[in-house]
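Here is how names work: the chains are called A, B, and so on, in the same order as the sequence lines, proteins then strands, and each is numbered from 1.
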Number of protein chains: 2
Amino acid sequence: MPMSDSGNIDILIDISTAILRAHNGELQFRALEDADESAKRLPFGPFMPDRHRTMEIGLRQWVREQVGVDLAHVEQLYTFADQGRYRGDESDARHVVSVGYLALARAEDAGGGAWDSLYLHFPWEDWRDGRPDVLDATILPALDKWLVENDEAAARVRLAFGRAGAQWDEEFVLERYELLYEAGLIEEAARDGRVKAPPQKSLGAPMQLDHRRILATALGRLRSKLKYRPVLFDLMPDRFTLRALQQTTELVIGTSLHKQNFRRLVEKSGFVEATGETSRARGRPAELFRFRHGNRADRPLAGLRVSGGRKTGRSP
Amino acid sequence: MPMSDSGNIDILIDISTAILRAHNGELQFRALEDADESAKRLPFGPFMPDRHRTMEIGLRQWVREQVGVDLAHVEQLYTFADQGRYRGDESDARHVVSVGYLALARAEDAGGGAWDSLYLHFPWEDWRDGRPDVLDATILPALDKWLVENDEAAARVRLAFGRAGAQWDEEFVLERYELLYEAGLIEEAARDGRVKAPPQKSLGAPMQLDHRRILATALGRLRSKLKYRPVLFDLMPDRFTLRALQQTTELVIGTSLHKQNFRRLVEKSGFVEATGETSRARGRPAELFRFRHGNRADRPLAGLRVSGGRKTGRSP
DNA sequence: TTTATTTATACTCATTTTGAGCATAATTGT
DNA sequence: ACAATTATGCTCAAAATGAGTATAAATAAA
């Protein structure tokens with residue numbers, strides 16, 4: 001039996017939290033600025049086992065201290081531990097392992113402070129107004145150039161970026177980010193010394209440490225999860241119109257949906273009940289709905305099976 | 001900006017791997033026995049940042065050393081860090097964080113060594129022959145008793161165990177295990193000093209450390225993943241009959257499926273192509289299929305959308 | 001005050017998918 | 001030859017889905 005003994009290596013675990021909300025037609029996350037850094041960061045801090053009985057307790061503390069919010073539900077995303085992807089070349093004397101968490105917030109209980117648009121950091125992920133130009137204008141050509149020397153990655157690129165007949169899968173956010181990093185197309189890659197020259201053109205705003213990687217994980221997870229669990233409602237206010245719910249959905253998955261069918265989907269799902277009130281805005285007033293909590297026992301805990309339209313028939 | 005400095009706490013990270021395979025009508029995992037311990041364990045070892053550039057490299061090394069297998073694809077499951085759930089009351093001088101990984105193996109390239117039946121450790125998860133007796137005979141009554149003092153957990157129990165009209169969701173493997181642990185119904189809870197008396201009746205075979213928790217995570221993840229990614233084929237041999245594929249599927253999700261519809265589902269999915277060969281066994285010979293790799297670009301990377309039968313219509 | 005614009009909501013309709021079976025085919029064991 | 005067993009093909013009704021058309025109820029503009 002192996003004794004758990006790694007010698008005298010000092011390991012440091014950092015816990016970072018992506019706090020997301022939907023606000024003003026934007027998917028936003030809680031961002032912090034540091035005086036000595038142009039890139040922003042997430043709230044984060046070290047896991048201190050003597051003070052934090054669990055990592056969740058630790059992350060809650062850091063978030064409370066740094067952005068003054070008491071988080072409700074949080075979800076662990078991933079633990080990153082690859083050397084050299086944290087703080088670049090700088091002292092890795094203490095090896096840093098990074099654990100990412102996801103938290104959802106409602107637009108109301110935002111608290112002051114800075115919220116950043118998520119798609120500002122991932123412009124290629126927002127397809128609400130159609131395929132983003134940056135893909136064909138910048139990303140794909142650059143990846144192609146990179147693939148010449150790295151043809152073993154061709155299959156990954158094809159899958160992640162939906163090329164050569166493959167479909168764009170909106171859940172592959174992290175894989176796309178990783179490929180851009182490996183190909184040296186984003187600033188973090190240059191910062192980490194992975195590529196000599198900085199990228200010709202900045203692809204999305206960079207962030208400190210591995211925080212953009214964590215955001216990519218968060219977005220991918222959220223996009224995936226909303227299809228099988230009712231997480232969307234954690235982003236919604238107490239009462240909301242179906243249109244608002246749809247807009248939040250579209251924000252998250254990054255594509256637009258058919259209005260009437262979305263309504264049918266939601267109403268049938270049983271997740272929602274009318275309040276009788278209506279909201280007044282531009283056009284005809286809309287009914288206000290509220291989330292119907294788990295009191296109705298017969299409903300499976302499914303999500304909204306949104307879909308991007310009928311698939312083109314497969315070839316014979 | 002918070003400096004990443006946790007004082008001088010010594011953190012130890014253990015990496016454990018659940019290696020699963022389908023064999024002999026059983027879902028099995030690679031288990032190791034130690035002389036001084038009756039409970040079995042997974043292959044595991046400490047993460048040593050100076051020797052392992054990534055955690056994956058580390059885990060591969062431990063697996064190679066301990067069970068003599070070179071793993072193909074692995075997937076990170078979860079990072080557990082709660083105090084007192086590892087090695088019980090014993091020295092937590094070095095705080096242990098535990099990272100679980102999942103790997104899939106084919107029955108052939110098994111290598112020697114011990115494989116254990118997964119459902120031996122989770123008897124309540126195998127519904128292939130209908131609802132397991134242990135649920136109504138032991139688990140639910142015991143949970144009910146526990147709920148008297150812990151009524152805040154009632155909603156969790158209802159959801160996880162599909163009570164009061166809620167449906168059994170086969171993916172909630174971890175949550176069920178956690179509840180059994182919290183309720184003190186399994187041996188690990190007694191071992192960790194969470195409950196004075198050991199459980200009246202042993203619910204599934206216990207394991208060392210948090211390895212059963214990791215197995216629960218692995219099973220839940222696999223059950224979930226097979227619905228949206230073609231992972232099942234990583235458990236299958238090179239060529240296989242549709243029946244074999246179905247049996248593996250049933251093994252994983254723990255329920256039985258309608259044969260003809262399963263065939264229709266698989267054939268339509270495009271994941272599989274006939275080889276022309278047939279297998280001879282008891283009845284009529286079955287066509288042998290092989291997995292069709294990602295060369296067909298037009299196919300989404302979906303999984304097999306198996307389902308447990310039509311839902312009973314919801315009440316009005 | 002009409003009219004255009006905007007948004008919400010209701011319905012329709014053709015397809016496709018799904019759950020459930022029945023029917024038939026091709027083997028082996030007796 | 002016949003029973004048992006497994007594979008495979010096919011049908012059928014119900015439900016879900018994608019894509020509209022039509023109508024309703026507001027505000028903004030003319």
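- A pairwise comparison of heavy atoms in A:Asp116 and A:His121 identifies OD2-NE2, 2.9 Å as the closest pair.
- Of the residues near DNA chain C, A:Leu242 and A:Arg282, the one whose nearest nucleotide (by heavy atom distance) lies more toward the 5' end is A:Arg282.
- The interatomic distance linking B:His258 (NE2) with D:dA13 (C1') rounds to 14 Å, in whole Å.
- When every heavy atom of A:Arg292 is checked against every heavy atom of A:Gly270, the shortest pair comes out as NH1-O, 2.5 Å.
- The residue A:Glu287 sits close only to the backbone: its heavy atoms come under 4.0 Å of sugar-phosphate atoms, none of a base.
- Between B:Lys268 atom NZ and D:dG9 atom P the separation is 16 Å, expressed in whole Å.
- Nearest nucleotide to the A:Gln260 side chain, out of C:dA20, D:dA22, D:dC10: D:dA22.
- Regarding B:Lys227, its NZ atom lies at a distance of 20 Å from the P atom of C:dT17, rounded to whole Å.
- When every heavy atom of A:Thr248 is checked against every heavy atom of A:Met236, the shortest pair comes out as OG1-SD, 3.2 Å.
- Within the structure, every side-chain polar atom (N or O) of B:Arg284 is placed at least 4.0 Å from both OP1 and OP2 of C:dT28.
- To the nearest angstrom, P of D:dG9 lies 15 Å from CZ of B:Phe262.
- In this structure, the CZ atom of B:Phe240 is 18 Å from the C1' atom of D:dT6, given to the nearest Å.
- Residue pairs satisfying the salt bridge (charged side-chain N to carboxylate O under 4.0 Å, His left out) criterion with at least one member in residues 239-259 of chain A, sequence neighbours excluded, are listed as follows: A:Arg239-A:Glu277.
- Here D:dT17 is the nucleotide among D:dT17, C:dT18, C:dG21 with the atom lying nearest to any side-chain atom of A:Arg264.
- Here D:dA25 presents its C1' atom at 15 Å from CZ of A:Arg243, a figure rounded to the nearest Å.
- Shown here for B:Ala107 and B:Ala22, the closest heavy-atom pair between the two residues is CB-O, 3.6 Å.
- Note on B:Asp136 versus B:Arg131: salt bridge recorded, some NZ/NE/NH1/NH2 to OD/OE distance being below 4.0 Å.
- Here the P atom of nucleotide C:dA8 and the CG atom of A:Leu245 are 12 Å apart, to the nearest Å.
- For B:Asn261, whose side chain is taken as the heavy atoms from C-beta onward, the closest listed nucleotide among C:dG19, C:dA23, C:dT9 is C:dG19.
- One finds a side-chain N or O of A:Lys259 lying less than 4.0 angstrom from the OP1 or OP2 phosphate oxygen of C:dA8.
- Taken over five-pair windows at either terminus, the axes of the helix from C:dT1-D:dA30 to C:dT30-D:dA1 are inclined to one another by 10° (rounded to 10 degrees).
- The side chain of A:Arg263 sits closest to C:dA10 out of C:dG21, C:dA10, C:dT6.
- Distance, A:Leu288 CG to C:dT9 C1': 15 Å, rounded to whole Å.
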Report the C-alpha distance between B:Glu26 and B:Tyr119 in whole Å, list the side-chain angles of each, state the deciding distance to 0.1 Å, and finish with yes or no for side chain to side chain contact (heavy atoms under 4.5 Å, CB included).
-> CA-CA 8 Å; B:Glu26 280 187 335; B:Tyr119 289 127; over 6 Å; no
